[in-house]
Amino acid sequence: MHNDHSAPAAPSDNEYRQQRIANLRELEQRGYRGFGAAFERTGSLAELRAGFAEGRLVRAAGRVVARRDMGKSAFLHLHDAGGRMQVYLQKNVLGDAAYEAFRFVDLGDHIGVEGECFTTRTGEPTIRAKNWTLLGKALRNLPEKWHGLHDVETRYRQRYLDLIANAEVCALFRKRTQIIREIRDFLAARGFQEVETPMMQPLAGGAAARPFETFYNALNAPMYLRIAPELYLKRLLVGGFDRVFELNRNFRNEGLDRSHNPEFTMLEIYEAFGDVRTMKALIETLIVHVARKVNGGLTAGSPERPIDLTPPWREAAYAELIRETAGADWDALALAPARERARSLGLDIPAEWDKAAITHEIYEKLVEKSLRHPTFVTRLPAHLIPLAKACEDDPSVVDVFELVIDGREIAPAYSELNDPLEQRRRLEAQAGGDPAKVDEDFLLALEHGMPPAGGMGVGIDRLVMLLTGAESIRDVILFPQMKGKAG
RNA sequence: GGGCCGGUAGCUCAGCAGGUAGAGCAUGUGACUUUUAAUCACAGGGUCGCGGGUUCGAAUCCCGCCCGGCUCACCA
């Protein structure tokens, strides 16, 4: 029992909190409301700065993040999500009572001010406050103004502090929002209909992963959080929706690391009468479009590791990439020399592995990681992917691609299997003889006829990592999963 | 799960051949009506992640645990 499931501890107390509560009481006695009502602003701080005009009367609100007190006058910096503005307080302008009361405002408090715009002799656009009002008292100290908040654990656990202290984090999450909006607009403009399918499912299908389990009392039945929306989206293809997509959360009861969070955002797209080639054209156009919109160009990744998204992207067969890494004679090698070849490439190969397993180890450990710029890997071995159609010229490989960028799988796409009899054989094999694990409701839908279709999944968090240069999935999820804190 | 690194004031960090815990910012008091990392003077502030052990004495050494980061492995 490592995790602490008890109720969170009461907030810790300290001298700063006591001091701030005392200041709050002091302000209340002077007629201020500690936690004020709505405050009509002329604009956000960024808008006020953009529309700055000497002598203009404005109303501004924000968090006090810096304060330079000089006796009978003081400078403040107000801060909001998009910008910053300097405010000048003068005793003879505000009057004695309002000026004195301001002594009890702390860094971190939200205030509103009204006053005229002017420029200081150092050239800083500034509001000369005629009056001020308290909008929300802060009872806790903020991270330090200069060094900011570095502690990674605090940044994730108390993201609001990260957003206050680190402007680039704010900018990254704005970009994430923009990316998702561009994707929706792009797909809508091409006739794709956004749909919502169940997140709570009686069987967790459409992928191979451990699901989170819960219990629905009214039905007296177990339920699972979805690991993929795929089987419901295919039911919609049967129903005649010919272009659908869903952009929402999946849940997988697996480990946590730099590229895995138990809940993550997935885009799944299905196009009736298409196949893997229509998906290829779609994803290339989509990512190029989004990169141009949010990055202003086709360079992605981090400055240390730039990625060139200029189309057309490379397309290469799985076997071809293996030969590039393992030798042109790889296909002809017998098991023993193949094992020796793989070991000579630095891989740890157990003696009992067959050649297909060794080949895939080379792909995962050497080939995939070396594919920095976008590459469509096609014609994967059929045994790896049970839900795709076989290639017509070679039944040992399937008609799919995996889009790999910066060594990470960004989007797999298939020519979807629409043969209900074949689908039943594969699902029954996957269920390992347990009929309760076969999604009969899905098979019933398929038996009513699903058109041929191209389908694709796009890991949105990983796409955001690519377009922002983030190195951890935790940097692109506002509230990433963390272990419970004990001790 | 293995290895390595880390957790000290609200924040950023020093201190670790064992000898009563430090700095900067922030906070408090005082001075200052164009500052912007404001400046000047003085002051307060700590369960050194948690629990054991060794020792006259532990932030420091040893053991266990918690949390985080990197990395390898595993799973998909």
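Chain letters run A, B, ... following the sequence lines, proteins first and then strands; every chain starts at 1.
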Return the polar atom pairs (N/O with N/O) between nucleotides 5-10 of chain B and the protein under 3.5 Å, or none.
unit_1, atom_1, unit_2, atom_2, d
B/rG10, N7, A/Tyr16, OH, 2.8

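Look at NE2 on A/His147: it is 7 Å from C1' on B/rG24, rounded to the nearest Å.
In RNA chain B, stems built from 3 or more consecutive Watson-Crick or G-U wobble pairs, each with both distances under 3.5 Å, span B:1-7 with B:66-72, B:10-13 with B:22-25, B:27-31 with B:39-43, B:49-53 with B:61-65.
Aromatic ring centres of A/Phe75 and A/Tyr88: separated by under 6.0 Å.
Nearest-nucleotide mapping onto RNA chain B: of A/Arg258 and A/Phe104, the residue sitting toward the 5' end is A/Phe104.
The residue A/Leu89 sits apart from the nucleic acid: no heavy atom pair falls under 4.0 Å. A/Gln19 comes within contact range of the sugar-phosphate backbone alone, with a heavy-atom separation under 4.0 Å but no base atom that close. Residue A/Ala208 is in sugar-phosphate contact alone, with no base atom involved, counting any heavy-atom pair closer than 4.0 Å across all strands shown.
Phosphate proximity of B/rU33 to A/Arg68: absent, as no side-chain N or O sits under 4.0 Å from OP1 or OP2.
The base of B/rU35 is not paired with the side chain of A/Glu124 by any donor and acceptor separated by under 3.5 Å.
Relative ring orientation between A/Tyr318 and A/His360 is described as parallel, the plane-to-plane angle staying below 30° on a 0-90° scale split at 30° and 60°.
Look at B/rA17: its glycosidic torsion is within 90° of 0, and that puts it in the syn range.
Between B/rU34, B/rU12, B/rG68, one nucleotide has an atom nearer to the side chain of A/Met70 than all others, and that is B/rU34.
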